[in-house]
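The block underneath contains the structure these notes are about, expressed in structure tokens.
Whatever order the structure lists ligands and atoms in, that order sets their numbers, starting from 1. Residues: numbered from 1 along the sequence shown.
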Amino acid sequence: MAQLWGGRFTKETDQLVYDFNASISFDKRLFAQDIEGSIAHVVMLEKQGILTCEEKDAIVKGLTSIRSDVEEGKLNISHEYEDIHSFVEANLIDRIGDAGKKLHTGRSRNDQVALDMKLYVRNEVVAVTEELIDLLESLLAVMENNLNTYMPGFTHLQKAQPTTLSHHMGAYFEMFKRDVLRMQDVYKRMNYCPLGSGAFAGTTYPLDRAYSASLLGFEGPTLNSMDSVADRDYVIEFLSALSIVMMHLSRFSEEVIIWNSNEYRFVEIDDAFSTGSSIMPQKKNPDIAELVRGKTGRVYGALVSILTTMKGIPLAYNKDMQEDKEVTFDAIDTVKDCLHLFNGMLKTMKFNTNIMETSAMRGFTNATDAADYLVNRGVPFRDAHGIIGQLVLYCIDKGKAIDELSIEELQAISPVFENDVYEAISLKTCVEKRLTIGAPGQKVMEEVIKMNKEFLNSLGQM
Ligand code: ARG
């Protein structure tokens, strides 16, 4: 047992209590952030005359050497310490002696852990955003290459109206674009530094909190020291944004699974992103998409877990908050893996454009346009709807598409039909006439793609 406290205790901690309380097995992830935060803290302490220049230099040198030793594998983060903060401080004191004991001046583990977690999450918001941007770029490439790839659009999973693959992928582009904007939003709101809040009531040392905040790249210091140590809103906001990313990925996965099925065959997932069956030699399964869909649950779980943990905690710090880490780390790892693998699958997936087009032709997706044809020739819409309904019934009986009927067959159902109907209800016409912004017509799709390219180019550093 190696802990930072013990002075007021007359007994050793029970081993089971110690183990239950310890967090080093998971908060060792915060190692780099802990060192970074401590360096900023002592640089500020020296500027304020609380540490001498020599003390500050010795501490910074000690912390830097601990960091490089861990990075190079020369020093192991041992589980004998209670948490990552104790590990760093104990090692520092071992290395530089008394000066090391001054590191924690004007600081509590409460503001220290609040800072470490914030620094960690802030990096991960950027990392997730980068994965999202890679996915957006892949989607844009599919969109640009498939402006004229016709396919059925669905409602109720029933063929509804024709659209294009470009348009369908564009829907996912918008979802993941909003995810990027949500990440930027999380970043902006969380970017205030809790360091210097002490246990919860600030400190009597003349700290310059704005200075340490600026050293760590924050917008400024947080404005209430009690809130600073008790706040995990940014973790919840991030997990909420991650849950929405997973919901989007899961819907997309569901479509890939359907499209990859033997019945649809709209896509073929690359061999490198599929798996086989141990018994059925013919099988090529969409496991990546299924796993992404499946892992959505654990990310939602993390969000609900922290929301629940936080809801009953009185101000300020309570040990419950140590529970913020494991599920958050797991959710972050999961989402980054899912984004990365899904993107790899998308980039290597083959779109069977002929099958998509045939499916659109065979599914009466031009029935609305056939009704509109009649409306444009004076038939009231409700009557036109009925006429096309009859036509569809006739087609089903004959096993034909509407545009495969002869003009005589069409006119037998409504004399309003003329030879120009074939052109009017072709897949191409049906799609290309849809020119309201956001619709699949080529001209407006091109405009939207241009706007979305500008969006991607406008994304700078957070
Ligand atoms: N391991 C703790 C956590 O993750 C660090 C803060 C401990 N502070 C305290 N007062 N016991 O929350």
For Asn110, the ligand 1 atoms whose distance to one of its heavy atoms is below 4.0 Å: 8 (N), 9 (C), 10 (N)
Ignoring angles and geometry beyond distance, decide whether His85 reaches within less than 3.5 Å of ligand 1 through its nitrogen or oxygen atoms. no
With a cutoff of 4.0 Å, is Lys325 in contact with ligand 1, counting heavy atoms of the residue only? yes
For Phe218, is the NZ or CZ atom of Arg122 found under 6.0 angstrom from the centre of its six-membered ring and inside 45 degrees of the ring axis? yes
Any luck finding a side-chain donor-acceptor pair between Asp337 and Thr334 under 3.5 Å? no
Does a side chain donor of either Glu174 or Asn452 reach within less than 3.5 Å of an acceptor in the other side chain? yes
Residues in ring-ring contact (aromatic ring centres under 6.0 Å, His included) with Tyr300, at least two apart? none
Could you tell me how the ring of Phe266 sits relative to the ring of Trp259: parallel (under 30°), tilted (30 to 60°) or perpendicular (over 60°)? tilted
of all protein heavy atoms, closest to atom 6 (C) of ligand 1 is Tyr317 OH, 3.5 Å
Where is the nearest protein heavy atom to atom 1 (N) of ligand 1: which residue, which atom, and how far? Gln322 OE1, 2.7 Å
